[in-house]
Amino acid sequence: MLVYDYSNLIEENIGKEGISSNFLETNKGLLQEIDNEIKAKRQDGSFGFMELPFHQPELNEIKKMASDARKKWENIIVLGIGGSSLGAMAIHQALHHPFYNLLNAEKRNGYPRIFFMDNVDPELVQGILDVVDIKHTLFLVISKSGKTAETLSHFLFFLEKVRKQGDPIKQIIIITDPEKGPLREIARSEGFLTFSVPPNVGGRYSVLSAVGLVPVAFLGIDIDALLAGAQAMAKRCETIENPAYLFALIQFLFLQKGKNIHVMFPYAQALLGMADWWRQLWAESLGKEGNGPTPVKALGVTDQHSQLQLYMDGPRDKIITFITVKDYGNDVFIPHSFKDFPDLAYLGGHTFNELIQAEQLATEVALTKAGCPNGKFVLDNIDAFTLGEFIYCLELATVSCGLFMGINPLNQPGVELGKRYTRALMGEPHFQEEKREIETLKCVHAKV
Ligand SMILES: O=P(O)(O)OC[C@H]1O[C@H](O)[C@H](O)[C@@H](O)[C@@H]1O
């Protein structure tokens with residue numbers, strides 16, 4: 001069971017930088033208000049992501065399709081960006097192999113290799129053709145809006161290749177809004193197989209919909225367990241003192257104290273993708289109206305040797321959240337050699353599990369001693385159930401934090417403007433006004 005430990009955020013442990021130990025009492029009224037608002041928004045359908053663990057009309061179809069088709073394909077290429085790829089990428093990385101992006105060269109236990117095309121760098125687009133054989137590749141085209149330029153460009157590029165070398169009807173699956181958007185229309189007219197993203201679930205909250213479930217089902221990941229974990233967390237969140245609300249409230253209280261850099265620091269290589277997924281969720285949801293925390297991802301132990309000096313001794317503008325794992329599942333001993341060298345001898349006979357745990361605890365205690373607020377999510381192990389708990393917890397925490405801050409955690413007006421400018425620059429005729437704005441923008445060109 002996922003636990004959120006906030007001991008080192010309390011004054012008694014951390015000193016004057018911390019929050020008072022009766023912060024829960026003091027904020028009970030506020031928590032109750034937010035809880036009421038969340039329940040109302042769930043009821044009126046605004047927070048559609050809260051239904052995903054319980055309501056999956058396409059679940060059986062996803063499972064059947066994935067189990068029938070996965071042995072057939074050598075490769076899966078996901079064409080999607082942001083919320084349409086980060087979640088599946090994170091789950092895959094967490095449950096399959098921490099080096100998934102390096103080791104994609106081989107099929108894993110008979111399941112397809114997976115590639116996430118989440119950039120339009122021409123090197124990447126062209127480069128994938130050296131690695132996969134188009135004839136043996138299934139494409140998952142994922143876009144909630146169906147309008148994202150990056151995803152549509154990839155779609156056009158690969159569709160042409162498939163038309164020449166394969167069969168688009170067999171090789172392309174579209175995941176998009178059930179009714180509207182160009183991808184839905186194209187799927188209808190071309191007859192592509194589709195799955196739906198519920199209209200009331202925004203991209204970055206969609207990992208537990210077909211957006212995340214379809215790609216990971218193809219890899220043999222237990223999507224029932226993923227949803228069961230999310231359900232279990234949702235049940236825990238029926239009472240006010242739950243990990244999601246407390247995490248959100250604490251981040252909010254520290255934000256008010258000027259700690260506007262929020263660091264997610266997993267001590268597990270496999271969870272780096274989860275920190276990346278959370279980074280989008282937190283940044284796009286909470287960066288609004290001139291306010292908001294800057295989410296940073298770090299990796300234990302790697303970043304002890306890169307970022308920790310700054311966290312420990314730099315400006316007091318950070319709150320750190322470790323993610324720790326009790327059982328890594330795969331333990332490895334450090335051999336006894338060079339017993340006469342004290343610098344090596346003490347390591348021999350320990351496991352790497354012990355070493356990573358010791359390094360995490362050492363960092364935690366050092367940060368606490370230095371007065372740097374730090375909390376932690378404690379995971380028993382890394383499995384589909386725990387990831388489901390974690391995902392739901394952080395999604396709920398994100399909207400809660402947004403409500404504490406008094407902003408809308410569901411929109412992303414800043415990103416939308418950039419998307420419109422891209423379309424204007426690429427010649428989309430409906431975006432003439434944006435084109436004029438770009439042309440008339442009086443920028444000072446200061447260059448050396
Ligand atoms: O799923 P799509 O509609 O293609 O959107 C993909 C991504 O586009 C933008 O960057 C949004 O800010 C993200 O929240 C979204 O996940």
Side-chain angles (χ1 to χ4, degrees), residues 46-49 52 77-91 116-121 124-125 139-159 172-187 192 194-216 273-289 292-295 391 394-395 398-399 401-402 407-426 428 431 434:
S46 319
F47 285 175
F49 75 91
L52 294 175
I77 299 186
V78 175
L79 310 182
I81 200 156
S84 287
S85 71
L86 285 164
M89 215 189 296
I91 296 170
F116 293 88
M117 292 294 291
D118 61 348
N119 203 342
V120 290
D121 180 334
L124 186 78
V125 179
F139 291 87
L140 302 178
V141 187
I142 310 182
S143 172
K144 169 71 196 298
S145 62
K147 292 182 181 171
T148 303
E150 294 87 339
T151 307
L152 294 180
S153 307
H154 284 145
F155 170 60
L156 293 169
F157 178 83
F158 290 109
L159 177 62
I172 291 177
I173 295 177
I174 304 239
I175 301 171
T176 190
D177 186 276
E179 300 294 336
K180 51 184 205 312
L183 270 181
R184 176 58 62 182
E185 281 177 43
I186 289 170
F192 295 136
T194 62
F195 291 94
S196 295
V197 195
N200 60 350
V201 176
R204 59 185 176 273
Y205 295 91
S206 68
V207 50
L208 296 177
S209 75
V211 169
L213 298 182
V214 171
V216 306
M274 275 290 151
D276 218 8
W277 164 81
W278 162 83
R279 195 170 63 124
Q280 184 217 16
L281 189 62
W282 207 246
E284 277 198 347
S285 303
L286 304 181
K288 308 268 159 76
E289 302 169 22
T294 299
I391 287 168
L394 286 177
E395 288 180 342
T398 305
V399 293
C401 196
I407 49 101
N408 175 359
L410 300 182
N411 64 3
Q412 59 282 331
V415 186
E416 297 303 336
L417 184 62
K419 278 182 156 185
R420 291 210 303 278
Y421 284 159
T422 302
R423 292 174 73 149
L425 287 166
M426 294 297 281
E428 145 82 93
F431 288 79
E434 284 80 357

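Note that these values count all heavy atoms, side chains included, but never hydrogens, waters or copies made by symmetry. The first residue of the sequence shown is numbered 1, and numbering continues consecutively from there. Numbering of ligands and ligand atoms starts at 1, following listing order. Every value quoted in this text rests on a predicted model; they were computed, and no experiment measured them.
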Tell me whether Lys147 at atom NZ has more than 12 heavy atoms from other residues, nucleotides or ligands lying less than 6.0 Å away. no
Whether the Thr148 and Lys419 side chains hold a donor-acceptor pair (N or O, under 3.5 Å, no angle test) is what I'd like checked.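 Yes, Lys419 and Thr148 have a side-chain donor paired with an acceptor closer than 3.5 Å.
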Using the salt bridge (charged side-chain N to carboxylate O under 4.0 Å, His left out) criterion, which residues pair with Arg423? Sequence neighbours excluded. Glu428
With hydrogens left out, which residues have an atom under 4.0 Å from ligand 1, given that only heavy atoms count?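 Within 4.0 Å of ligand 1, the protein residues are Ile81, Gly82, Gly83, Ser84, Ser143, Lys144, Ser145, Thr148, Arg204, Gln280, Glu284, Gln412, Val415, Lys419.
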By side-chain contact (heavy atoms from CB on, under 4.5 Å) - contacts of Gln412 (at least two apart):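 Residues passing side-chain contact (heavy atoms from CB on, under 4.5 Å) with Gln412: Arg204, Glu284, Val415, Glu416.
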Set of ring-ring contact (aromatic ring centres under 6.0 Å, His included) partners for Tyr205, sequence neighbours left out: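 Residues passing ring-ring contact (aromatic ring centres under 6.0 Å, His included) with Tyr205: Phe49.
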Closest approach of Ser85 and Asp118, non-hydrogen atoms and distance? OG-CB, 3.8 Å
